[in-house]
Amino acid sequence: MSVEKRVLLIVSGGIAAYKSLELVRNLKNAGIAIRCILTPGGARFVTTLSLATLSEDKVYEDLFSVADQGGIGHIELSRDADLLVVAPATADIIAKMRAGIADDLATAALLATNKPVLIAPAMNVRMWVHEATQENMAILNDRGVNIIGPDEGDMACGEYGMGRMSEPDAITIAIKKLFQETNSRDTALICKSNQKLAGKKALVTSGPTHEPLDPVRYIANRSSGRQGHAIAAALAKKGADTVMISGPTNLSDPIGVTVRRVGSAVEMFEACKRELPADIVVCAAAVADWRALHPTDKKIKKDGVVPTLELTQNPDILSFLSQSISNRPRLVVGFAAETGSVVDKALDKLARKKCDWMIANDVSVGTQTFGGTKNTVHIVDQNGIENWPEMSKESIGDRLADRIANHLNTDHD
Ligand code: C5P
């Protein structure tokens, strides 16, 4: 008989708090017991009554309240839960978690817990990209705190960017997944289950490359880097020491990942070689196949003559890493972004480049794969083809990191 799981949901003070009401409903519908702590900031956005009604329980608010402490205090609140969820997690509560500050009921419960913690950050984009927040997040990630989001999109403050809280459905899925992974009410250590790749080094390439023609012009492609960044984030979440070599993108650095920025394919190649040896390599970058043979130091003048571009082949990073004799990583994964018969082309590429897995995806016009938030992929390896349904690039990252962890933790040598 399955034991009912219990979530302690901490609602802190952000406009996204309204979405937490839907999260409570989702969890109740999923048969998960839920108890809420509402911070003073959170109480400016949602009412105690709405949370109490939806959670069918008392809402806890005050660290020093005789009523709250008399019944059940911060120690019991965290002891009684299988998982602590902070949604929304503001920049402020994230900073307090990092520092170990416990000046209200929510932060005291978070400091007192030895249970897994999931946070769903939500804040203005500039607060999110601020070095202080990013550093706090990296430290929480290192400590094994589970993180979902934030998402990119329109914000309540009228701006656009990273910082929206993940949707309640996505948080619900993450919670269910964590319960599957921990599968015990007695999980004593924070997120051990998330560290399946601890001790492994992962190298990920991401984004496009820019191949200069002169100081102002370059050849590029439409890759946004989202898929590569999501894979790097997922590998780091699983405990891999992850280095991402990224071409130029507008994305913020994934949490817990060491990012090395490069411009051209040759720079990416050199940066990858410097990172060897590695256990896992995922080449998700859309590396330009060709570069200008003679890029100029001075801007090419418009003098009435249309210039002719002489191109030369770029090094193939994936082929090089797959075929390196002394330093071959245990698992090398490539991407085959194709139009038309994507799986056939991926099979051909798998054989030609000699990597272990090839991930085929369709980048035809209309698929929105390049630059979009979703992807549909087919994993091609020596055992056959695995077709994955359409999902977010983040979910593909998580699922791929799982597949990689399972592969490496099974003896394939
Ligand atoms: O040959 P094609 O560019 O289609 O192969 C795609 C795969 O090879 C991707 O995994 C990409 O990251 C990798 N690649 C590479 N270096 C190149 C070209 C492609 O690593 N110069």
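Any value given below was found using the heavy atoms of this structure, including those in side chains, with hydrogens, waters and symmetry copies removed. Start at 1 with the first residue, then count along the sequence. Atoms within each ligand, like the ligands themselves, are counted from 1 in listed order.
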Examine distances only and state if a side-chain atom of T242 and a backbone atom of A240 form a donor-acceptor pair shorter than 3.5 Å.
yes
If we only count heavy atoms from C-beta on, is the I385 to I379 side-chain gap below 4.5 Å?
no
Under a 4.0 Å heavy-atom cut-off, what residues line ligand 1?
C283, A285, V287, D289, P315, D316, I317, L318, G334, F335, K349, K353
Contacts table for residues 279-292: side-chain donor-acceptor under 3.5 angstrom, sequence neighbours left out:
residue : atom : partner : partner atom : Å
D279    : OD2  : K201    : N            : 2.7
R291    : NH1  : Q313    : O            : 3.0
R291    : NH1  : N314    : OD1          : 3.0

Among residues at least two apart in sequence or on other chains, which ones pass side-chain contact (heavy atoms from CB on, under 4.5 Å) with A89?
V86, I93, I94, I119
Residue pair V243 / V204, side-chain heavy-atom distance below 4.5 Å
no
Hits for ring-ring contact (aromatic ring centres under 6.0 Å, His included) against H210, two or more places apart or cross-chain, chain-then-number order -> Y218
